[in-house]
Amino acid sequence: MAIGYLTIQARTAHDALPLSGASVRILNTQGASVYELTTDENGDTHAIPLETLDKSFSLSPYYSGIPYTSYNVLVRASGFNSLYVADIPIYDGERAVLPVSAIPMQERQRSPIQAVIYVGAPAVSLTGARSQEEPSGTPYILRQVVIPDPITIHLGAPSAAAANVQVSFPDYVKNVASSEIYPTWPAAALTANIYAIITFALNRIYTEWYRSRNYEFDITNSPAYDQYFVYGRPIYDSISRIVDNIFDEYVRRQGQISPYFTSFCNGTTATCSGLSQWGTVTLAEQGLIPLEILRSYYPKDIEIAQTDIRTGILSSYPGSPLRVGSTGLDVQTIQTRLARIRRNYPAIPAITDAEGQFQNSTQAAVTKFQSIFNLTPDGIVGKSTWYKISQLYSAVARLAELDSEGDALGIGTVPPSSVLRQGSRGQDVITLQYLLNVAAEYYPGIPAPTQDGIFGSGTQQAVTAFQRVMQLNPDGIVGPMTWQALYDVYLGADQNVPSPSPNPDTIQYIVKPGDSLWLIARRYSTTVSAIQRQNNLTGDLIRVGQVLTIPVSGTPSYIEYTVKAGDSLWRIAQQYNTTVQALMNLNGLTSDLLMIGQVLKVRES
């Protein structure tokens, strides 16, 4: 049997807070439990190996069976609703990362509600032709090619009464690619398909295809109209890596600005005038590069262009990567944002470099951030890392802002008695808009209105969406039942959502079977005595399920080593599984010359 991998990441409030200690069960299609796991301080499980079918089946358009093995996942966390994700495809040699956006229980809720997400087969397996409509005679076109961040997706056909959700543009592209094609395909085929996916979406944005028709979304998830998107599905590493490199690049014809209409179909059971998804595999196996593959289906004069215009971001990427040796305001910006994110993700080490100086501790913080958020852990701030740091910083800052704002507004526990509708103004409208903003943090189908005290169309849209989610009459009028539901959500979040550690140099750890103080201390680069002091322990006995506060130094602990006759930096580095350069940096050495009796700081990797 071939092996694929699955990692679960349990978080809440747009990833602003990780959920440590969440219970995860992985089940086979017969319902039998394969693994039972607990998430770590980042809300993650390790990569779980799972049996699947050989990769060769997913590379053949003529294989009539299912070229993977499916698994189901059940996630439970105290104070949150449960999530069951069904029919997750696992591919040979591929890691799937399943994001779990946990929703806190409401105040008067007695037991968790279990939501279900069905993933299923990629669209490349579907039969029947697509009817994607090419823009023509569109009433409005943007002046520039803009990346919408976030992008709003309608979960159904354009006229269907379905929810809208918002995700970052790179996450949208990763989701669509994971939902459309097989991640085992050659890199050139994956890249060509991802270019088509990006360009198709940007064409819808550029032409305002739906917005100009008074729809409140940018694109649908229906493959009959647009491209396939499954909210809450897992993303595959091979796809994620490519998207991180090209999410702001698109296909256009030479001499034009507009994104080309890159229609596509699977090319076997469904054919069209655009790209054949299966055909890209054949061309990639023949050695064609992505642009050559695209020119096989679209006009020969197409080219790859880039746009650096993004909506909804704090600041633009500086244009070149930041790495060790970089200096200036952009470095300081990254350091400031990582320091704030660290309060919610304390596994990120503290930055001790001077402000604006990208040195070893900044590199270590960047590398850990990248590993937590599924980016290439190279310690370099390229465009994907820059925007992910900006996105997370916005999320954690927004959550903290809402917490403090609730106290300032004096929300209390008793809803107002007023009835609000479009045209209403005043303090109760501000309270309403604040509560809707809180709900929008946890419910993906609820947009966040502007808090201006005016009940306009944006607020009405948010109220209607909230009412639908809560299964109330979606009339856009805020009466007693809607007020009570808003307060139930607000108070439930206040009770159940964990607060970031007030001390970023400590984390909360739940003792697991087989743990000892020595193992925990080694894992977090601290000492047994430091853990004992932090938790008022008089011995080394701990029990399963016990919650320990672990002191985590921003700089990992080190030992002192006395140089002996015959020692060299290379031999010491080999002995302690580190590098010569790391030893030189830690000890401020400018050469590899040592003296007998010299005391070196040595940090194990």
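Predicted model, so just to flag it, every value in this text is computed and none were measured.
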By the definition side-chain hydrogen bond (donor to acceptor under 3.5 Å, both in side chains), identify the one residue from N42, D44, T39 that meets it with R11. D44
Greater than 12 external heavy atoms within 6.0 Å of I257's CD1: no
Quick one: do I411 and T431 satisfy side chain to side chain contact (heavy atoms under 4.5 Å, CB included)? Show the steps, please. CA-CA 7 Å; I411 297 297; T431 298; 3.8 Å; yes
Validation row: P299, Y260 side chains within 4.5 angstrom (heavy atoms): yes
Listed partners of P150 passing side chain to side chain contact (heavy atoms under 4.5 Å, CB included), at least two apart: Q166
Dump the intermediate steps for side chain to side chain donor-acceptor pair (under 3.5 Å) on T152 and E216, then the final yes or no. CA-CA 8 Å; T152 302; E216 296 170 343; over 6 Å; no
Side chains of Q144 and T307: is there a donor and an acceptor less than 3.5 Å apart? no
Which residue in the set W185, F57, Y182 passes ring pair (Phe, Tyr, Trp, His ring centres under 6.0 Å) when paired with Y91? Y182
Ignoring hydrogens and geometry, is there a side-chain-to-backbone donor-acceptor pair from S238 to P183 under 3.5 Å? yes
Considering residues, nucleotides and ligands other than Q471, do more than 12 of their heavy atoms fall under 6.0 Å from its CD? no
List the steps, then state whether side chain to side chain donor-acceptor pair (under 3.5 Å) holds for R233 with S178. CA-CA 8 Å; R233 67 152 302 130; S178 297; 4.7 Å; no
F261 and F200: aromatic ring centres closer than 6.0 Å? yes
Polar side-chain atom of D248 near backbone of D308 as donor-acceptor pair, under 3.5 Å: no
For W278 and L59, indicate whether the former's side chain and the latter's backbone hold a donor-acceptor pair under 3.5 Å. no
Determine, stepwise, if the pair N221 / Q227 fulfils side chain to side chain donor-acceptor pair (under 3.5 Å). CA-CA 6 Å; N221 78 332; Q227 39 199 17; over 6 Å; no
Does S418 use its side chain to pair, donor to acceptor, with the backbone of L420 at less than 3.5 Å? no
If we ignore hydrogens and angles and just use 3.5 Å, is the side chain of T262 paired with the main-chain N or O of A196 as donor and acceptor? yes
From D226, D218, T220, N164, residue fulfilling side-chain hydrogen bond (donor to acceptor under 3.5 Å, both in side chains) relative to H154: N164
Please round to the nearest 0.5 Å and tell me the distance separating atom CG of N374 and atom OG1 of T7. 7.5 Å
Should the pair Y490 and Y487 be assigned to parallel (<30°), tilted (30 to 60°) or perpendicular (>60°) ring geometry? perpendicular
Do E441 and N437 have side-chain N/O donor and acceptor atoms under 3.5 Å apart? no
Hey, is the main chain of G492 close enough, under 3.5 Å, to the side chain of N496 for a donor-acceptor pair? yes
Step by step, would you call V73 with L6 a side chain to side chain contact (heavy atoms under 4.5 Å, CB included)? CA-CA 10 Å; V73 171; L6 177 63; 3.7 Å; yes
Answer yes or no: is there a donor N or O on one side and an acceptor on the other, between the side chain of T12 and the main chain of A102, under 3.5 Å? yes
In terms of side-chain heavy atoms, does N72 have a donor or acceptor partner in Y84 at a distance below 3.5 Å? yes
With a 4.5 Å heavy-atom cut-off, do T311 and V146 have their side chains touching? yes
Among side-chain atoms of Q391 and D15, is any donor-acceptor pair under 3.5 angstrom? no
Quick one: does NZ or CZ of R211 land under 6.0 Å from the six-membered ring centre of W209, within 45 degrees of the ring axis? no
Would N175 and S179 count as a side chain to side chain donor-acceptor pair (under 3.5 Å) if you check the C-alpha gap in whole Å, the side-chain angles of each, and the deciding distance to 0.1 Å? CA-CA 6 Å; N175 187 302; S179 302; 3.3 Å; yes
Show me the donor-acceptor pairs within less than 3.5 Å that the side chains of residues 451-458 make with the rest of the protein, sequence neighbours left out.
| from | atom 1 | to | atom 2 | distance (Å) |
| --- | --- | --- | --- | --- |
| Q451 | NE2 | E405 | OE2 | 2.5 |
| D452 | OD1 | Q433 | NE2 | 3.0 |
| D452 | OD1 | I454 | N | 3.0 |

So CD of E401 and OG of S394: to nearest 0.5 Å the spacing works out to 10.5 Å
Do the side chains of I66 and Y68 get nearer than 4.5 Å, heavy atoms only? yes
Look at the side chain of Y434 and the backbone N and O of L402, then say whether any donor-acceptor pair between them is shorter than 3.5 Å. yes
Is the side chain of S33 donor-acceptor paired with the backbone N or O of L27 at a distance under 3.5 Å, no angle test? no
Distance only, no hydrogens: is a donor on one side chain within 3.5 Å (strictly under) of an acceptor on the other, for S240 and D237? no
Is there a donor in the side chain of S70 and an acceptor in the side chain of T29, or the other way round, less than 3.5 Å apart? no
Are K388 and Y393 in a cation-pi contact, defined as NZ or CZ under 6.0 Å from the six-membered ring centre and within 45° of the axis? no
Is a side-chain donor or acceptor of R110 paired with a backbone partner of R108 at a separation under 3.5 angstrom? yes
Show your working on side chain to side chain contact (heavy atoms under 4.5 Å, CB included) between L98 and Q9 and close with a plain yes or no. CA-CA 6 Å; L98 177 64; Q9 297 183 326; over 6 Å; no
When you compare the side chains of Q277 and E180, does any donor N or O come within less than 3.5 Å of an acceptor on the partner? yes
Could you tell me if R252 and S258 have a donor-acceptor pair between their side chains, going purely by distance under 3.5 Å? no
Do V497 and D494 make a side-chain contact, defined as non-hydrogen atoms from C-beta onward lying under 4.5 Å apart? no
With sequence neighbours excluded, tell me which residues meet ring-ring contact (aromatic ring centres under 6.0 Å, His included) with F466. none
Before accepting this row, confirm whether a basic side-chain N of the pair D244/K174 lies closer than 4.0 Å to the acidic partner's carboxylate O. yes
Ring centres under 6.0 Å, that's the criterion: do Y195 and Y250 meet it? no
Assess whether side chain to side chain contact (heavy atoms under 4.5 Å, CB included) is satisfied between Q467 and M470, documenting all intermediate values. CA-CA 5 Å; Q467 291 169 327; M470 298 299 144; 5.9 Å; no
